[in-house]
Amino acid sequence: MAIHNKSHNNHALMSLNKMRKDNSTKQKSAKDFDKFGETKILISIMDCCDFLKELPDECVQMICIDPPYNLELTGWDIYENYIEWAAKWLEEAYRVLSKNGNMVIFGGTQFRDAKSGDLIDIIQYVRRNTKFKLINTIVWYYKNGMSAHRYFANRHEEVIWLAKSNDYYFDLDSVRVPYSEEDLKLALKDKRLNPENTMKGKNPTNVWQIGRLNGNSNERVGHPTQKPVEIVERLIKALSCRSSVVLDFFAGSGTVGRVCIAEGRHCLLCDSDKSTLDYFTKHIEQMRNLGKDTSHIEVESINEFFKANV
Ligand SMILES: C[S@@+](CC[C@H](N)C(=O)[O-])C[C@H]1O[C@@H](n2cnc3c(N)ncnc32)[C@H](O)[C@@H]1O
């Protein structure tokens, strides 16, 4: 039985098409930005809840965070009542997110013997107590990891994608994966698939195989839980448009800021640890060494960040 192409009923696609019509997602060159001018980055060293309170309503298009989970690995991941604390930043995150905005949260579900606080707790809380919609759970699968003898060695983490409404922004085309020559021939024969989309590549699905950064990875800047550029890049390209504002209030090394500079998004970073400033400098040095364009303006305050360059 043929499965109909339901793309005309897909809220995300309809909203993307509308935005395209409205010209709000015009593909601009990396440095041809809208009213904010050149890529702006703000790095704020303070507690995330205090930082979030200073942001205006609906001022960011995407939030990409990798929170602490009470693992007691370092000083910053211990919270007495984890979900009570997380509820505070989740509420603020909802307020600052634009109507078509997206929020992604990195985490794991394999830490149940640790003190409470993991992605399962967050999903439960979000479902029961907030208006966020859970759009996808992405399984981040990697081949490199710790060995284990009393259980199956873990090789995945999760990223949840939450949206504020059904009109969430989603640019699948920007992250499609090319078909192999052989698979492309088969896909073009498949009547259920739209050939125009098939030519653009395939949906990466919600299982992503991307290597973790091991200790001697060239990408390492010294943060103990630094995330790979590749995974952050896919999220930012698909869930935020050029020239929009992306927020990471658990910035760590500032991987999100690095990707924003490369992909032409403005970025608000916050972390309670001032080492973020040094880590971020190392990210920029690395980009330069790789011959990447690192031009951006580091602004000092939220007011300056949102001031139009006209
Ligand atoms: C898992 S790490 C983020 C790593 C980051 N994704 C990267 O790629 O480098 C979490 C970060 O949250 C920060 N953090 C913990 N509690 C915080 C708080 N209350 N406010 C702001 N930052 C906090 C820690 O200092 C740590 O750098």
Side-chain angles (χ1 to χ4, degrees), residues 41-55 62-93 96 103-111 114-115 117-119 121-122 138 140 142 157-160 208 210-215 217-236 239 246-263 265 267-287 302:
I41 304 283
L42 170 73
I43 308 179
S44 216
I45 303 301
M46 63 196 289
D47 178 78
C48 64
C49 294
D50 296 336
F51 178 71
L52 284 162
K53 279 191 203 121
E54 291 185 17
L55 296 181
M62 178 180 179
I63 299 174
C64 180
I65 52 164
D66 175 19
Y69 280 110
N70 267 4
L71 299 180
E72 299 184 355
L73 297 175
T74 63
W76 44 254
D77 61 356
I78 302 162
Y79 288 90
E80 235 356 271
N81 185 332
Y82 186 84
I83 213 63
E84 199 176 280
W85 171 71
K88 289 185 195 150
W89 50 257
L90 281 164
E91 189 182 335
E92 283 296 304
V96 302
M103 175 165 185
V104 291
I105 309 181
F106 279 84
T109 54
Q110 64 277 15
F111 309 126
K115 271 172 69 183
D118 69 2
L119 204 54
D121 295 307
I122 292 199
I138 296 154
W140 170 24
Y142 38 79
E157 285 170 41
E158 288 72 34
V159 184
I160 55 166
W208 299 356
I210 295 177
R212 285 171 104 199
L213 299 184
N214 47 32
S217 155
N218 290 339
E219 219 174 288
R220 277 249 173 240
V221 294
H223 193 285
T225 59
Q226 184 185 336
K227 294 294 169 288
V229 165
E230 190 181 348
I231 192 166
V232 175
E233 189 182 88
R234 188 179 274 176
L235 292 165
I236 287 184
L239 305 184
V246 178
L247 163 66
D248 179 359
F249 50 85
F250 295 116
S253 66
T255 312
V256 167
R258 170 182 179 156
V259 172
C260 283
I261 292 174
E263 299 301 327
R265 274 75 168 162
C267 186
L268 292 162
L269 297 176
C270 167
D271 199 290
S272 51
D273 183 347
K274 66 177 181 346
S275 313
T276 290
L277 300 170
D278 295 333
Y279 293 136
F280 193 63
T281 306
K282 288 191 190 151
H283 269 304
I284 301 292
E285 275 167 18
Q286 251 186 40
M287 288 175 81
I302 291 171

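Note that ligands are numbered from 1 as they come in the structure, with each ligand's atoms numbered from 1 the same way. Residue indices begin at 1 and follow the sequence shown. Because only heavy atoms are used, hydrogens play no part in the values below, and waters and symmetry mates are left out as well, while side chains stay in.
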Out of curiosity, is F249 lining ligand 1, as in a heavy atom under 4.0 Å away? yes
For the side chain to side chain contact (heavy atoms under 4.5 Å, CB included) test, which of V104, D248, L247 pairs with I65? D248
Shortest heavy-atom approach to atom 6 (N) of ligand 1 - which of D50, D66, D273: D66
When only distance counts, is K227 in polar contact with ligand 1, meaning an N/O pair under 3.5 Å? yes
Can you list the ligand 1 atoms lying under 4.0 Å from a non-hydrogen atom of T255? 7 (C), 8 (O), 9 (O)
Yes or no: does P224 have any heavy atom under 4.0 Å from an atom of ligand 1? no
Side-chain contact test, heavy atoms from C-beta onward, threshold under 4.5 Å: evaluate it for W208 versus L235 and give yes or no. yes
Tell me whether F250 has any N or O atom under 3.5 angstrom from an N or O of ligand 1. no
Which atoms of ligand 1 sit under 4.0 Å from any heavy atom of T225? 1 (C), 2 (S), 4 (C)
Is the ring pair F250/W85 parallel, tilted or perpendicular, if the boundaries are 30 and 60 degrees? tilted
Would you call E285 and V221 a side-chain contact if the rule is heavy atoms closer than 4.5 Å? no
Near P68, which atoms of ligand 1 are under 4.0 Å from a heavy atom of that residue? 15 (C), 16 (N)
Ligand 1 atoms nearer than 4.0 angstrom to some heavy atom of H223 are 2 (S), 4 (C), 26 (C), 27 (O)
Counting only heavy atoms, which portion of A251 has something under 4.0 Å from ligand 1: side chain, backbone, both, or neither? backbone
Ligand 1 contact on W85 by region, counting heavy-atom pairs under 4.0 Å: side chain
Which of the numbered atoms in ligand 1 are under 4.0 angstrom from any heavy atom belonging to Q226? 7 (C), 8 (O), 9 (O)
